[in-house]
Novice: 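Take this structure, written in structure tokens, and hold onto it; I'll ask about it next.
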Amino acid sequence: MKKKIYISDLANYTGQEISLQGWLYNKRSSGKVQFLILRDGTGYLQCVVFKGNVSEEIFKLAETFNQETSFVVTGKIKSEPRAVGGYEMDVKDLKLIGTSFDYPITPKEHGPEFLMDNRHLWIRSKRQLAILKIRHRIAKAIRDFFDMNGFTLFDPPIITPNAAEGTSTLFEMEYFDLGKAYLTQSGQLYGEAGAMALGKIYTFGPTFRAEKSKTRRHLTEFWMVEPEMAFFDLDDDMDLAEELIEYIVQSVLTDRKSEIEILERDITKLQSVKRPFPRISYDDAVDILKSEGVDFQYGNDLGGGDETIISGKFDRPVMVHRYPAEVKAFYMKRDPQNPKLALAVDVLAPEGYGEIIGGSQREDDINLLLERIQEHNLPRSVFEWYLDLRKYGSVPHSGFGLGLERTVSWICGLEHVRETIPFARMIYRNTP
RNA sequence: UCCGCGAUAGCUCAAUGGUAGAGCAUUCGGCUGUUAACCGAAGGGUUGUAGGUUCGAGCCCUACUCGCGGAGCCA
């Protein structure tokens with residue numbers, strides 16, 4: 001591969017004459033000097049075009065550059081504390097690559113609708129770049145964490161014949177002569193099969209929910225990582241969840257500090273994310289709500305507002321476990337101490353960011369699982385293979401799902417998950 | 001599906017029921033250290049759509065469309 005120089009490498013090139021390529025981020029001029037701010041995806045560099053230092057043609061060419069014009073620029077690099085990034089280029093030569101006229105996203109405030117309509121261009125801006133880089137670092141931290149801990153990546157199908165949880169609405173399609181098929185809302189059931197084969201697995205990919213949710217926490221297409229482990233009980237599951245979250249947050253703090261600063265995120269809120277996380281039961285959570293004067297009906301699931309109140313009591317993510325079985329999915333194992341409760345856990349992010357993890361110990365008894373399938377009016381036929389996992393050497397096992405976008409949103413301190421993914425899919429938007 | 005808010009220049013927003021405005025962007029002119037640069041000028045409008053009230057509607061009324069936020073559901 002031919003060596004190319006990027007703005008992020010400039011420390012190695014001070015005093016040298018080099019060529020860089022990129023786009024014009026912004027420009028200021030004052031008659032005899034022009035300041036071109038070059039961006040190349042790795043950073044920003046102020047390129048100074050002095051009249052007299054360059055030919056008349058080059059100076060005139062620079063005057064024609066608009067926002068997002070692409071070009072090659074050649075000149076000497078020097079340290080310059082006044083400039084963005086601490087370096088500056090004294091321009092000697094310029095070459096136009098692609099013109100740009102009337103770029104819609106100006107250095108000015110814009111509304112969310114306009115920015116989402118121009119999402120393909122919005123991702124070029126500084127904040128969006130920072131968010132996407134943090135998203136990548138989080139995804140890498142997730143993969144690293146599981147790879148280092150003996151997990152095998154296990155890719156489940158995206159087209160499935162069945163619903164994992166009867167409650168959610170699924171995107172439906174006609175699948176040749178086999179009738180209806182659906183886009184997956186979770187790889188978990190397949191993950192369980194993987195855990196019985198490989199011991200510890202994780203799935204990591206897009207999932208789809210056709211619910212008409214219209215809030216800052218919802219996308220119709222989102223990414224989820226779902227570990228599934230044989231011989232793990234609920235406590236083991238919670239241990240793993242808090243270890244993962246701590247690792248993700250600390251990785252971002254170590255490697256993406258400048259991006260966190262661009263977002264003006266309060267870093268102390270992230271620094272406190274250290275094990276152990278508080279673990280409270282559903283009953284404890286209800287007590288907290290009651291003591292706060294919330295009119296909460298025991299037995300209901302926690303709503304968004306309830307989660308905010310509970311998570312507000314702690315400076316790090318809180319794990320709420322042992323929910324009423326009735327509000328949880330059919331595959332969750334009941335608590336032997338109290339069969340009305342499911343061995344489930346939700347991890348609530350701080351600052352009102354809500355549920356980022358939902359997990360449980362799974363029902364491993366084939367007869368109890370059959371009962372649950374009947375109680376939920378699910379068709380047994382599509383679950384035959386899933387029942388086989390309990391028929392041939394069933395073992396206690398657990399897992400959870402972590403929503404990538406909600407995690408990114410929380411770590412970045414964003415208002416809305418739509419900025420956490422390059423092209424968000426929402427109930428009223430599937431473009432660009 | 002339900003509740004609330006909104007739609008005016010390319011963008012962000014003003015405009016007591018009485019001549020449609022500003023900043024940014026664009027174009028032109030000025031400026032040798034700018035940091036969302038600055039100064040001057042110009043072009044830019046079927047006020048979301050359809051109807052109604054009125055001498056007169058961007059503004060009041062009705063319906064619709066689209067968007068935003070929330071509820072439910074969930075990661």
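Reminder, nothing fancy here: chain letters follow the sequence lines and each chain counts from 1.
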Novice: Find which nucleotide of RNA chain B each of A:A83 and A:P104 is nearest to by heavy atoms, and output the residue with the more 5' nucleotide.
Specialist: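 Whichever sits nearer the 5' end wins; that is A:P104.
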
Novice: Base, sugar-phosphate, or nothing: which does A:S29 touch, judged by heavy atoms less than 4.0 Å apart?
Specialist: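 Base contact.
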
Novice: For the side chain of A:T106 and the base of B:C11, is some donor closer than 3.5 Å to an acceptor across the two?
Specialist: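 By the distance-only test, no, there is no pair.
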
Novice: Which heavy atom in A:H120 sits nearest to a heavy atom in A:P432, and how many Å separate them?
Specialist: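 Shortest heavy-atom contact: ND1-CG, 3.7 Å.
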
Novice: Please give, in whole Å, the distance from B:U32 C1' to A:D90 CG?
Specialist: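 So the two atoms are 13 Å apart, to the nearest Å.
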
Novice: Starting from C1' on B:C31, measure out to CZ on A:F59 and report it in whole angstrom.
Specialist: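 Distance check: A:F59 CZ to B:C31 C1' gives 11 Å.
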
Novice: Please name the nucleotide paired to B:A63 by Watson-Crick or G-U wobble geometry with both distances under 3.5 Å, or report none.
Specialist: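 Partner of B:A63: B:U49.
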
Novice: When both hydrogen-bonding distances must be under 3.5 Å and the geometry is Watson-Crick or G-U wobble, what is B:G56 paired with, if anything?
Specialist: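 Partner of B:G56: none.
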
Novice: Which part of the nucleic acid, if any, lies within contact of A:F35, taking any heavy atom under 4.0 Å across all strands shown: a base, the sugar-phosphate backbone alone, or nothing?
Specialist: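 Result for A:F35 = base.
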
Novice: With the side chain of A:F114 defined as its heavy atoms from C-beta on, choose the nearest nucleotide among B:G10, B:G33, B:A75.
Specialist: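 Side chain of A:F114 sits closest to B:G10.
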
Novice: Work out how far the C1' atom of B:G18 is from that of B:C60, and round it to whole angstrom.
Specialist: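 After rounding to an integer number of Å, I get 15 Å for this pair.
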
Novice: Going by number, which of residues 409-432 of chain A have a non-hydrogen atom under 4.0 Å from RNA chain B?
Specialist: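 Contacts with RNA chain B under 4.0 Å: A:H416, A:R418, A:Y428.
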
Novice: Any base atoms under 4.0 Å from A:G52, or only sugar-phosphate, or nothing? Heavy atoms, all strands.
Specialist: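 The answer is nothing, as A:G52 stays clear of every strand by at least 4.0 Å.
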
Novice: For the pair made of OH in A:Y44 and C1' in B:A36, what is the distance, rounded to whole Å?
Specialist: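 To the nearest whole Å, that distance equals 13 Å.
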
Novice: Roughly how far apart, to the nearest Å, are B:A57 and B:A36 at atom P?
Specialist: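 Nearest-Å result for B:A57 against B:A36 at atom P: 45 Å.
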
Novice: Expressed as a whole number of Å, how far does the C1' atom of B:A63 sit from that of B:A42?
Specialist: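 Approximately 42 Å lies between the C1' atom of B:A63 and that of B:A42.
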
Novice: Base of B:G6, side chain of A:E113 - is there a donor-acceptor contact under 3.5 Å?
Specialist: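 A donor-acceptor contact between them is absent.
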
Novice: Look through every strand shown and name the nucleotide pairing with B:C2 as Watson-Crick or G-U wobble, where both distances are under 3.5 Å.
Specialist: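 When the pairing criteria are applied, B:G70 turns out to be the nucleotide that pairs with B:C2.
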
Novice: Rounded to whole angstroms, how far apart are CG on A:L302 and C1' on B:C73?
Specialist: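 Between C1' of B:C73 and CG of A:L302: 14 Å.
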
Novice: How long is the line joining CD1 of A:I245 and P of B:A75, in whole Å?
Specialist: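 Going from A:I245 (CD1) to B:A75 (P), I get 14 Å.
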
Novice: Is there a donor on the side chain of A:H110 or the base of B:C11 sitting less than 3.5 Å from an acceptor on the other?
Specialist: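 Looking at the base of B:C11, it does not pair with any donor or acceptor on the side chain of A:H110 (distance under 3.5 Å).
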
Novice: Do NZ/NE/NH1/NH2 and the carboxylate oxygens of A:E228 and A:R362 come within less than 4.0 Å?
Specialist: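 The answer is yes: the pair qualifies as a salt bridge.
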
Novice: What integer number of Å spans the P atoms of B:U16 and B:A7?
Specialist: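 Here B:U16 and B:A7 have their P atoms 13 Å from each other.
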
Novice: Hey, what's the ring geometry for A:F330 with A:Y386, parallel, tilted or perpendicular (30° and 60° as the breaks)?
Specialist: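 The arrangement is perpendicular - the two ring planes meet at more than 60°.
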
Novice: Both distances under 3.5 Å, Watson-Crick or G-U wobble: report the partner of B:U12, or none.
Specialist: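 Base-paired to B:A22.
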
Novice: Applying a 3.5 Å limit to both distances, which nucleotide forms a Watson-Crick or G-U wobble pair with B:G43?
Specialist: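 Partner of B:G43: none.
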
Novice: When the C1' atoms of B:U49 and B:G40 are considered, how many whole Å apart are they?
Specialist: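 About 41 Å, rounded to a whole number of Å.
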
Novice: Among the candidates B:G69, B:C74, B:U32, find the nucleotide nearest to the side-chain atoms of A:H218.
Specialist: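 Per side-chain heavy atoms of A:H218, the pick is B:C74.
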
Novice: Using 4.0 Å as the upper bound for N to carboxylate O, is an ion pair formed by A:R275 and A:E246?
Specialist: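 Judged by the 4.0 Å cut-off on N to carboxylate O distance, A:E246 and A:R275 do form a salt bridge.
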
Novice: Send over the distance from A:M116 CE to B:A7 P, rounded to a whole Å.
Specialist: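 Interatomic distance, CE of A:M116 to P of B:A7: 22 Å.
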
Novice: Are the charged groups of A:K140 and A:D144 less than 4.0 angstrom apart, N to O?
Specialist: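 The answer is yes: the pair qualifies as a salt bridge.
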
Novice: Regarding A:D295 and A:K290, does a basic nitrogen lie under 4.0 Å from an acidic carboxylate oxygen?
Specialist: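 Judged by the 4.0 Å cut-off on N to carboxylate O distance, A:D295 and A:K290 do not form a salt bridge.
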
Novice: How many whole angstroms separate atom CG of A:N26 from atom P of B:C38?
Specialist: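 After rounding, the gap between these two atoms is 10 Å.
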
Novice: Has the side chain of A:R28 got a donor or acceptor atom sitting under 3.5 Å from an opposite partner on the base of B:C31?
Specialist: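 Under the 3.5 Å cut-off, the side chain and the base do not form any donor-acceptor pair.
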
Novice: Under 4.0 Å between any heavy atoms, over every strand shown, what does A:D346 touch: base, sugar-phosphate, or nothing? Just pick one.
Specialist: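 The answer is nothing, as A:D346 stays clear of every strand by at least 4.0 Å.
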
Novice: What's the closest nucleotide to the A:R406 side chain, out of B:A71, B:C74, B:U26?
Specialist: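 Nearest to the side chain of A:R406 among the choices is B:C74.
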
Novice: For A:V33 and A:F101, find the nucleotide of RNA chain B closest to each by heavy atoms; which residue's nucleotide sits nearer the 5' end?
Specialist: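 Mapping each residue to its closest nucleotide by heavy atoms, the 5'-most match is A:F101.
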
Novice: Quick one: are the ring centres of A:Y25 and A:Y44 less than 6.0 Å apart?
Specialist: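 Judged by ring-centre distance (under 6.0 Å), A:Y25 and A:Y44 do meet the cut-off.
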
Novice: Please report the distance, rounded to the nearest Å, between NZ in A:K214 and P in B:C5.
Specialist: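 Roughly 15 Å, once rounded to whole Å.
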
Novice: Ignoring backbone atoms, establish whether A:K51 has a side-chain N or O less than 4.0 Å from OP1 or OP2 of B:U32.
Specialist: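 It does not, given that no N or O in the side chain of A:K51 lies less than 4.0 Å from OP1 or OP2 of B:U32.
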
Novice: For the side chain of A:R217, counting heavy atoms from C-beta on, which of B:A75, B:A71, B:G72 is nearest?
Specialist: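 Of B:A75, B:A71, B:G72, B:A71 is nearest to the side chain of A:R217.
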
Novice: Please classify the nucleic acid contact of A:I357 as base, sugar-phosphate, or nothing, using heavy-atom distances under 4.0 Å.
Specialist: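 Result for A:I357 = sugar-phosphate.
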
Novice: Identify whether the distance between the nearest side-chain nitrogen and carboxylate oxygen of A:D255 and A:R137 falls below 4.0 Å.
Specialist: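 Between A:R137 and A:D255 there is a salt bridge, with a charged N closer than 4.0 Å to a carboxylate O.
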
Novice: Could you tell me how far B:U47 sits from B:G21 if I compare only their P atoms? Round to whole Å.
Specialist: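 One P to the other, the span is 14 Å.
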
Novice: For A:Q46, report the nucleic acid contact type (base, sugar-phosphate, nothing); a contact means any heavy atom under 4.0 Å.
Specialist: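 If one applies the 4.0 Å heavy-atom cut-off, A:Q46 turns out to touch a base.
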
Novice: State plainly whether the residues A:D283 and A:R322 are in salt-bridge range, i.e. N to O under 4.0 Å.
Specialist: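 A salt bridge is absent here (no side-chain N lies under 4.0 Å from a carboxylate O).
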
Novice: How far apart are the closest heavy atoms of A:P317 and A:P350, and which atoms are they?
Specialist: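 So the minimum-distance heavy-atom pair works out to N-CG, 3.8 Å.
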
Novice: Please give the distance between the P atoms of B:C64 and B:C3 as a whole number of Å.
Specialist: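 Going atom to atom, P in each nucleotide, I get 12 Å.
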
Novice: Under 3.5 Å for both donor-acceptor distances, Watson-Crick or wobble: does B:C38 have a partner, and if so which one?
Specialist: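 With both distances under 3.5 Å, B:C38 matches B:G30.
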
Novice: C1' atom, B:C5 versus B:A75: distance in rounded Å?
Specialist: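 My reading of the C1' atoms in B:C5 and B:A75 gives 28 Å.
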
Novice: Classify the ring geometry of A:F146 against A:Y202: parallel below 30°, tilted from 30° to 60°, perpendicular beyond 60°.
Specialist: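 The rings of A:F146 and A:Y202 lie parallel, inter-plane angle below 30°.
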
